[in-house]
Number of protein chains: 2
Amino acid sequence: MSLETDKLKKFITEQDKIALTVDCVVFGYDEHDKELKILLIKNEVPQFLGMWSLLGDLMKIDETIEDAANRILEYRTGLKDVYLEEVQSFSHPKRHPLGRVITIAYYALIKISDYELNVEKLDLEAKWFNINEIEEMAFDHKNILEVCHKRLQERLKERPVGFSLLPKKFTLQQIQNLYETVLQTELDKRNFRRKLKNLGLLKELEEIETEVAHRPARLYTFDYDKYTEMERKGRRFSL
Amino acid sequence: MSLETDKLKKFITEQDKIALTVDCVVFGYDEHDKELKILLIKNEVPQFLGMWSLLGDLMKIDETIEDAANRILEYRTGLKDVYLEEVQSFSHPKRHPLGRVITIAYYALIKISDYELNVEKLDLEAKWFNINEIEEMAFDHKNILEVCHKRLQERLKERPVGFSLLPKKFTLQQIQNLYETVLQTELDKRNFRRKLKNLGLLKELEEIETEVAHRPARLYTFDYDKYTEMERKGRRFSL
DNA sequence: GTATTTAGTGTTAAAAGTACACATAGCAGG
DNA sequence: CCTGCTATGTGTACTTTTAACACTAAATAC
């Protein structure tokens, strides 16, 4: 049993003590396979040894929950300033075999390419899985995953979260593929592009794709400043 | 200092111990004044003595967070089966003067008339306030209130939560007034009614209003079963 | 029975969404 | 340099939804 597990055990065996943890569902988008993936690590708690689980940790006494989520993400991926959203708590009294552990779930959106740059320095027990490939997970993590997945799908329609899963510069086809993958639908190219243009939130760059064996597509970036302004005025994003 | 406060103090002074509480923003709709109201209680913690605060309590060891929220609501209002939604956690390290207290905020929707039936048996330190009348609150409760208020406004557009604030039988005008009050907008009567009808979720009753000094309006109920069915099929509510 | 008050209803114009197909730019390979 | 290949990029007609707008009808009070 690892140091982490010892610490948790010590923490929660004191009577009436409720341990508070954070768990992150880390989503990444694999452009090549057109798959939504999540990052999991090998579990260390005896009852679930060898199973895969979300990235989580005990809260520290002097940080906010969001700080804790950021700390975990930086520790496991080397990435800072990751898109994070709190989803909900999971508090069934029997959810953790070592005792009373309540967790706050977040989902995180990262650009897989950024992650790849850091991966060598890091914990090798982490692995990307296709979202539909995962059958069993430690604790109630499968449930947490499903709730967070559903939340991501809702958010994608009403907030510009998709751009956090793509490189800074992307083609219109890439966004469409992302939407089709995450929402599990097919979208009409011309209608989708019209909607995108009407948002007025994409900056058309001078650059085009490279290293493709066909006509290269134009590159765009998402204008976060303009979006913030638009949000401030109460106008809603919708795709 | 009350028993509750002693207990909390004891709880959180043990080193490294993070206390976990639940706070509920209890919304009620006053049809007469056309005002959205919230239920507050007098605070007991010395630093905020006499100020008003949300309905909250320490989590117990063997309940879920939702159980705790329901327990608090029943204790303070006498009501069971209240509409509840988890909103988010509040975890700033300095948010509570007695130590490290993290809270999970819920909002609750109740029919004020149901509450009135119970009010005599209960804690007299509770009071309804107009949502815009509240200036100062204990802890970070003003902030929690604002976040929950915003959440309610979002939900009202996309989920049939408004019906939890009205009597079981209501007139079309009553719903419209509720929407106008909560969203702080004016709505077109004919367009609003058309939308309502097209939802197909209202049951027209044989009954009509009584005790009004003019033409009485027809009464309706909301068909929760049909809504559940519609939700299951992936169709979305929108008003 | 007359005045008062709120209930209840339909049409038109503008905007948004949906369905649908082909010419073109750039690369690869001979 | 010419041909074939592949994915890019674009417009129009139709349907549905939203938005704006005003009067008659039903019931009560006096």
Side-chain angles (χ1 to χ4, degrees), chain A residues 30-34 156-158 160 166-167 169-181 183-221 230 233-239, chain B residues 31-34 156-158 166-167 169-181 183-221 230 233-239:
Chain A
D30 180 332
E31 293 184 53
H32 182 261
D33 297 349
K34 294 184 189 166
L156 195 65
K157 295 177 206 159
E158 64 199 20
L166 290 176
K169 300 172 182 182
F170 48 80
T171 69
L172 300 181
Q173 194 58 53
Q174 280 177 298
I175 315 178
Q176 187 177 338
N177 290 340
L178 170 69
Y179 270 76
E180 289 181 335
T181 300
L183 300 177
Q184 305 259 58
T185 47
E186 298 220 333
L187 298 168
D188 180 89
K189 183 153 77 162
R190 283 175 286 191
N191 294 339
F192 187 74
R193 284 173 183 225
R194 181 177 22 255
K195 267 190 161 183
L196 274 173
K197 280 204 179 143
N198 289 343
L199 284 175
L201 296 173
L202 293 190
K203 276 187 246 178
E204 188 174 332
L205 302 177
E206 295 303 312
E207 293 172 73
I208 52 174
E209 256 183 325
T210 53
E211 294 168 24
V212 286
H214 54 79
R215 176 180 177 183
R218 182 151 301 266
L219 292 174
Y220 293 79
T221 57
M230 168 177 148
K233 287 180 187 160
R235 288 186 52 76
R236 292 170 83 82
F237 178 98
S238 166
L239 263 182
Chain B
E31 293 184 52
H32 182 262
D33 298 348
K34 294 185 190 165
L156 195 65
K157 295 178 207 158
E158 64 198 21
L166 289 176
K169 300 171 182 181
F170 48 80
T171 68
L172 299 180
Q173 194 59 52
Q174 281 177 298
I175 316 179
Q176 188 177 337
N177 290 340
L178 169 69
Y179 270 76
E180 290 180 336
T181 300
L183 300 178
Q184 305 259 60
T185 48
E186 298 221 334
L187 298 167
D188 180 90
K189 183 155 77 161
R190 283 175 287 192
N191 293 339
F192 187 74
R193 283 172 184 225
R194 180 177 20 255
K195 266 189 162 184
L196 275 173
K197 280 203 179 144
N198 289 343
L199 283 176
L201 296 173
L202 293 190
K203 274 188 248 180
E204 189 173 332
L205 301 177
E206 295 304 313
E207 292 171 75
I208 53 173
E209 255 183 325
T210 53
E211 295 167 24
V212 286
H214 53 80
R215 175 178 178 184
R218 182 152 301 269
L219 293 174
Y220 293 80
T221 58
M230 168 177 147
K233 286 181 188 160
R235 287 186 51 76
R236 291 170 83 83
F237 178 97
S238 167
L239 263 181

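All chains are named by letter (A, B, ...) in the order of the sequence lines, taking the proteins before the strands, and each is independently numbered beginning at 1.
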Check whether any side-chain heavy atom of Leu156(A) lies under 4.5 Å from a side-chain heavy atom of Leu239(A), and answer yes or no. no

Rounded to the Å, how far apart are Ile175(B) CD1 and dG8(C) C1'? 14 Å

For Arg215(A) and Tyr220(B), find the nucleotide of DNA chain C closest to each by heavy atoms; which residue's nucleotide sits nearer the 5' end? Tyr220(B)

Quick one, Leu183(A) and Lys157(A) - any side-chain contact, counting heavy atoms below 4.5 Å? yes

Nearest-neighbour nucleotide for the Ala213(A) side chain, dC27(C), dA29(D), dA20(D) considered: dC27(C)

Find the distance Arg218(B):CZ to dA27(D):C1' and express it as a whole number of Å. 13 Å

Does dT9(C) have OP1 or OP2 under 4.0 Å away from a side-chain N or O of Lys197(B)? yes

Indicate, with a heavy-atom threshold strictly under 4.0 Å, whether Arg194(A) touches base, sugar-phosphate, or nothing. base

Just call it for Arg193(B): base, sugar-phosphate, or nothing, with non-hydrogen atoms closer than 4.0 Å on any strand. base

Which nucleotide in dG8(C), dC20(C), dA7(D) has an atom nearest any side-chain atom of His214(A): dA7(D)

With a 4.5 Å heavy-atom cut-off, do Ile175(B) and Leu202(B) have their side chains touching? yes

Among dA19(D), dT8(D), dG8(C), which is the nearest nucleotide to the side chain of Ala217(B)? dG8(C)

Let me know the distance between CD of Glu186(B) and C1' of dC21(D), rounded to the nearest Å. 14 Å

Decide yes or no for Gln176(B) and Gln173(B): does some side-chain heavy atom of the first lie under 4.5 Å from some side-chain heavy atom of the second? yes

Between dT9(C), dA20(D), dC20(C), which nucleotide has the shortest distance from any of its atoms to the side chain of Asp188(A)? dC20(C)

Is there a donor N/O on one and an acceptor N/O on the other, under 3.5 Å, for the side chain of Arg190(A) and the base of dT8(D)? no

Check this for me: does the side-chain of Asn191(B) come within 3.5 Å of the base of dA20(D) through a donor and an acceptor? yes

dA7(D) phosphate, OP1 or OP2: any side-chain N/O from Gln173(A) under 4.0 angstrom? no

Hey, is the side chain of Lys195(A) pairing donor to acceptor with the base of dG17(C) inside 3.5 Å? no

Before we go on, tell me: are the rings of Phe192(B) and Tyr179(B) under 6.0 Å apart, centre to centre? yes

Give the rounded distance in Å between these two atoms: CD of Glu211(B) and P of dT6(C). 16 Å

